[in-house]
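Quick one: the structure is below, questions incoming.
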Amino acid sequence: SLTTVFGKALMNNDTRVMKVFHQLEDKLDCCGVNGKDDYSKYHGFAPPSCFQNATSKGCSTAIIDILETNLPIVGGVLGAVLVIELGIFV
């Protein structure tokens, strides 16, 4: 899970994984998996970007929000592809 990857990266000081996670935080305007308190759970320090937005949500919530927003579009495209594919076989 995202929580496991985040926790292991902080505990093991895996800078490569944390760099990617910080890029995700910047892109989605989120902090930690569930919020900036996730950093203190693993004895890490939240990056400055977590404090720029006082209402910063966790990245798991940000990812779910994106999926919920775009699900009708993805579903519509997949439905259209299915109809086209079935039309080829008829």
Side-chain angles (χ1 to χ4, degrees):
S1 74
L2 190 58
T3 304
T4 303
V5 171
F6 179 79
K8 284 183 179 180
L10 274 176
M11 291 187 326
N12 297 326
N13 197 26
D14 189 338
T15 55
R16 187 175 53 124
V17 172
M18 289 312 299
K19 179 180 177 183
V20 171
F21 199 86
H22 291 319
Q23 290 171 344
L24 176 73
E25 290 174 321
D26 290 340
K27 181 102 172 144
L28 299 181
D29 193 26
C30 59
C31 183
V33 177
N34 298 303
K36 64 183 172 193
D37 291 338
D38 287 345
Y39 282 93
S40 61
K41 290 178 188 173
Y42 298 102
H43 308 293
F45 297 99
S49 61
C50 286
F51 298 99
Q52 291 172 353
N53 183 356
T55 61
S56 186
K57 58 188 165 192
C59 291
S60 62
T61 302
I63 292 168
I64 290 169
D65 289 348
I66 289 171
L67 291 174
E68 286 178 346
T69 300
N70 295 311
L71 193 58
I73 296 167
V74 173
V77 170
L78 290 175
V81 169
L82 179 63
V83 168
I84 292 168
E85 289 292 325
L86 289 175
I88 291 173
F89 293 114
V90 174

Report summary line: Heavy-atom closest pair (Val17 atom, Ala9 atom, distance to 0.1 Å) is CG1-CB, 3.5 Å
Requested in this report: Specify the closest pair of heavy atoms between Gly32 and Tyr39, including all atoms of both residues, with the distance to one decimal.
Outcome: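 In this case the closest contact between Gly32 and Tyr39 is N-CE1, 3.9 Å.
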Query raised in the report: Do Phe6 and Met11 share a hydrophobic cluster (ILVMFWY, side-chain heavy atoms under 4.5 Å, transitive)?
Result: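 Yes, one cluster joins them.
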Query raised in the report: Taking Ser60 for the side chain and Asn34 for the main chain, is one N or O donor matched with an acceptor at less than 3.5 Å?
Result: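 Flag not set: sc Ser60 to bb Asn34 has no pair under 3.5 Å.
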Query raised in the report: Rounded to the nearest 0.5 Å, what separation is found between the CD1 atom of Ile64 and the OG1 atom of Thr69?
Result: 11.5 Å
Report task. Please round to the nearest 0.5 Å and tell me the distance separating atom OG1 of Thr61 and atom CG of Leu28. Result -> 11.0 Å
Query raised in the report: Under 4.5 Å between side-chain heavy atoms, hopping through other hydrophobics if needed: is there a path connecting Leu24 to Leu67?
Result: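 Yes, Leu24 connects to Leu67 through the hydrophobic network.
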Query raised in the report: When you take the SG atom of each Cys, Cys31 and Cys50, is the space between them under 2.5 Å?
Result: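 A disulfide is present here, as the SG pair of Cys31 and Cys50 is separated by less than 2.5 Å.
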Query - side-chain hydrogen bond (donor to acceptor under 3.5 Å, both in side chains) partner of Glu25, the single match among Lys27, His22, Gln23 - result: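 The option that passes is His22.
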Requested in this report: Show your reasoning for whether side-chain contact (heavy atoms from CB on, under 4.5 Å) applies to Met18 and Asp14.
Outcome: CA-CA 6 Å; Met18 289 312 299; Asp14 189 338; 5.5 Å; no
**Report entry** Intermediate values then yes/no, side-chain contact (heavy atoms from CB on, under 4.5 Å), Leu2 and Ile63
**Finding:** CA-CA 11 Å; Leu2 190 58; Ile63 292 168; 4.3 Å; yes
